[in-house]
There are 2 protein chains.
Amino acid sequence: MAVEKKTPLDTRALIINTALKLFSEKGIFNTSVQDIKRTANISIGSIYHHFPGKDAIVRALYEELLAKMQDLIEGIDQQYASAHDRCREVVRQIFIMTEYDPDAVRFVLQGRHLEFLPNEQPICSSRPFELMKDMVRDGITAGEIQGGDATLLAACLFGGPLRMVSLRLDGILDRPLPEQLDDVWTCAWRAVSA
Amino acid sequence: MAVEKKTPLDTRALIINTALKLFSEKGIFNTSVQDIKRTANISIGSIYHHFPGKDAIVRALYEELLAKMQDLIEGIDQQYASAHDRCREVVRQIFIMTEYDPDAVRFVLQGRHLEFLPNEQPICSSRPFELMKDMVRDGITAGEIQGGDATLLAACLFGGPLRMVSLRLDGILDRPLPEQLDDVWTCAWRAVSA
DNA sequence: GTCTATATCATGATAGAC
DNA sequence: GTCTATCATGATATAGAC
């Protein structure tokens with residue numbers, strides 16, 4: 001039986017993952033570095049060796065999740081051609097992610113980090129959200145989506161689905177989101193289709 | 001010139017209003033009781049005379065704003081007959097309130113209090129949101145809104161407008177929301193109308 | 001790189017005069 | 001009811017051994 005040896009990367013990831021779990025459960029402010037220490041079974045010193053402070057943990061987590069989300073959306077952009085198919089796939093992926101990694105979705109979409117990290121841009125100014133707006137813009141140009149302001153139309157298209165995500169994360173909805181994708185998407189697309 | 005005398009009610013209201021302003025600016029956790037004391041120009045003792053603690057201030061604020069919102073929606077229920085008109089008026093009122101009292105809307109809709117007050121129900125389980133769902137339910141029964149799950153349809157109907165509110169509060173949208181009511185509502189209603 | 005022990009500080013809350 | 005002065009707690013962060 002091989003002896004497992006912890007690499008620095010393991011510890012860093014352990015800290016990040018533990019933090020995400022605790023942040024999601026109790027909130028960022030209610031989670032102390034001591035909590036992370038206890039839950040992860042490591043020492044304070046080790047945490048402060050990997051991160052300058054709690055701020056840095058929150059920031060690293062946010063950037064990591066945002067990058068993951070960006071990759072996902074860029075992949076969709078290449079794989080699908082029409083605005084309809086692209087946007088639908090975005091919603092589908094978010095619905096799936098909400099089920100198997102609710103902590104990550106809560107952290108990114110609920111934008112809890114904003115209260116903790118001052119002078120940070122709101123999530124809707126981030127690259128992934130810009131890409132989603134671009135999808136809508138392309139759809140308008142292509143005549144798939146009705147003419148009008150892209151920001152407004154993006155809000156109307158994704159507003160319903162994102163609201164469903166919030167409700168699901170808050171435990172209001174019993175059924176898994178992917179099961180309800182067709183119904184939600186039908187409504188969402190009707191709102192903006194040309 | 002009459003001498004103004006501060007009544008207890010004044011002080012209580014002063015505390016609540018100051019708290020709301022600070023909570024909105026810096027977040028609940030980043031606002032200390034000392035901050036409220038300084039901004040309101042009163043003493044710590046006075047604050048703790050009116051409220052048992054910071055928790056109580058947050059709770060009182062939340063309940064007050066929620067009650068105000070409930071009154072508003074119940075008024076709409078009586079004044080309008082069809083689901084279409086009722087729901088549209090709800091959106092219109094929220095849009096207006098977002099402009100003239102953004103702090104209140106941010107506090108209630110963003111649900112910041114949840115992270116501070118543990119074991120508190122999420123905002124979407126609150127009475128006003130239930131009333132909005134009832135409006136949708138009635139609309140389904142009346143044949144104005146397509147058949148289906150009321151929760152899902154309510155999310156699809158109000159999701160877009162609420163997203164617009166978030167964007168406006170985050171400073172993403174330059175134009176006042178009421179100016180965009182017609183466009184937003186057209187999209188929202190198309191999503192769910194029978 | 002990881003640990004323990006500790007310094008420093010801000011916060012929520014209280015006591016008691018007026 | 002309002003005030004000032006103070007306490008007690010728990011947080012972030014650091015120092016230094018191993």
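Below, chains carry the letters A, B, ... as their sequence lines are ordered, and counting in each starts from 1. Bear in mind the structure is a predicted one, so any value in this text is a computation, not a measurement.
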Visitor: If you look only at pairs with a residue in residues 166-194 of chain A, which of them pass as a ring-ring contact (aromatic ring centres under 6.0 Å, His included), with sequence neighbours excluded?
Guide: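 Qualifying pairs, neighbours excluded: A:His84-A:Trp185, A:His84-A:Trp189, A:Trp185-A:Trp189.
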Visitor: Please report, rounded to the nearest Å, how far the P atom of C:dC3 is from the CD1 atom of A:Ile47.
Guide: 9 Å
Visitor: Taking atom C1' of D:dG1 as reference, at what distance in whole Å does atom CG of B:Leu14 sit?
Guide: 14 Å
Visitor: Mind checking B:Gly53 for me? I need base, sugar-phosphate or nothing, with any heavy atom below 4.0 Å counting as a touch.
Guide: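 Here B:Gly53 touches the backbone only, sparing every base.
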Visitor: Near DNA chain C, which residues from residues 20-34 of chain B have a heavy atom under 4.0 Å away?
Guide: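 B:Thr31, B:Ser32, B:Val33 - these, ordered by number, are the residues of the stretch whose heavy atoms sit under 4.0 Å from the strand.
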Visitor: Taking the side chain of A:His50 as heavy atoms from C-beta outward, which of C:dT2, D:dA13, C:dG12 is closest to it?
Guide: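 Among the listed nucleotides, the one closest to the side chain of A:His50 is C:dT2.
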Visitor: Taking the side chain of A:Ile44 as heavy atoms from C-beta outward, which of C:dA5, C:dC3, D:dT2 is closest to it?
Guide: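 Looking only at heavy atoms from C-beta outward on A:Ile44, the closest nucleotide is C:dA5.
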Visitor: Only counting residues at least two apart or in another chain, list the ones meeting side chain to side chain donor-acceptor pair (under 3.5 Å) with B:Gln110.
Guide: none
Visitor: The test is side-chain contact (heavy atoms from CB on, under 4.5 Å); show your working for A:Leu65 and A:Leu20 and say whether it passes.
Guide: CA-CA 10 Å; A:Leu65 294 177; A:Leu20 174 57; 4.3 Å; yes
Visitor: For B:Tyr62, give me all partners under ring-ring contact (aromatic ring centres under 6.0 Å, His included), at least two apart in sequence or on another chain.
Guide: B:His113
Visitor: Looking at D:dA13, D:dC3, D:dT2, which one has an atom nearest to any side-chain atom of B:Ile42?
Guide: D:dC3
Visitor: Could you pick out which residue, B:Tyr48 or B:Gly45, lies toward the 5' side of DNA chain C when each is mapped onto its nearest nucleotide?
Guide: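 Its nearest nucleotide lies further toward 5', so the answer is B:Tyr48.
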Visitor: If I take atom CD1 in residue A:Ile36 and atom P in nucleotide D:dA11, what distance separates them, rounded to the nearest angstrom?
Guide: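 Value for this atom pair: 12 Å.
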Visitor: Give me each pair satisfying ring-ring contact (aromatic ring centres under 6.0 Å, His included) with a member in residues 127-167 of chain B, each pair once, sequence neighbours excluded.
Guide: none
Visitor: How many Å lie between CG on A:Asn41 and P on C:dT4, as a whole number?
Guide: 11 Å
Visitor: For C:dT2, take OP1 and OP2 only and decide whether either is under 4.0 Å from a side-chain N or O of A:Thr11.
Guide: yes
Visitor: Round to the nearest Å and state the distance from B:Phe51 atom CZ to C:dT14 atom P.
Guide: 15 Å
Visitor: Using atom NZ of A:Lys37 as one end and atom P of D:dA13 as the other, report the distance to the nearest whole Å.
Guide: 16 Å
Visitor: Under 4.0 Å from OP1 or OP2 of D:dT2: is there any side-chain N or O of B:His49 that close?
Guide: no
Visitor: Just do the side-chain contact (heavy atoms from CB on, under 4.5 Å) check on A:Ser193 and B:Arg190 with the steps written out, would you?
Guide: CA-CA 10 Å; A:Ser193 68; B:Arg190 272 172 39 130; 3.7 Å; yes
Visitor: Name the atoms and distances for all side-chain donor-acceptor pairs under 3.5 Å in residues 22-30 of chain A, with sequence neighbours left out.
Guide:
{"from": "A:Ser24", "atom 1": "OG", "to": "A:Asp103", "atom 2": "OD1", "distance (Å)": "2.7"}
{"from": "A:Ser24", "atom 1": "OG", "to": "A:Arg106", "atom 2": "NE", "distance (Å)": "2.8"}
{"from": "A:Lys26", "atom 1": "NZ", "to": "A:Asn30", "atom 2": "O", "distance (Å)": "3.4"}
{"from": "A:Lys26", "atom 1": "NZ", "to": "A:Asp35", "atom 2": "OD2", "distance (Å)": "2.9"}
{"from": "A:Asn30", "atom 1": "ND2", "to": "A:Lys26", "atom 2": "O", "distance (Å)": "2.9"}
{"from": "A:Asn30", "atom 1": "ND2", "to": "B:Glu115", "atom 2": "O", "distance (Å)": "2.8"}

Visitor: In whole angstrom, what separates B:Ile15's CD1 from D:dG1's P?
Guide: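 It works out to 11 Å between those atoms.
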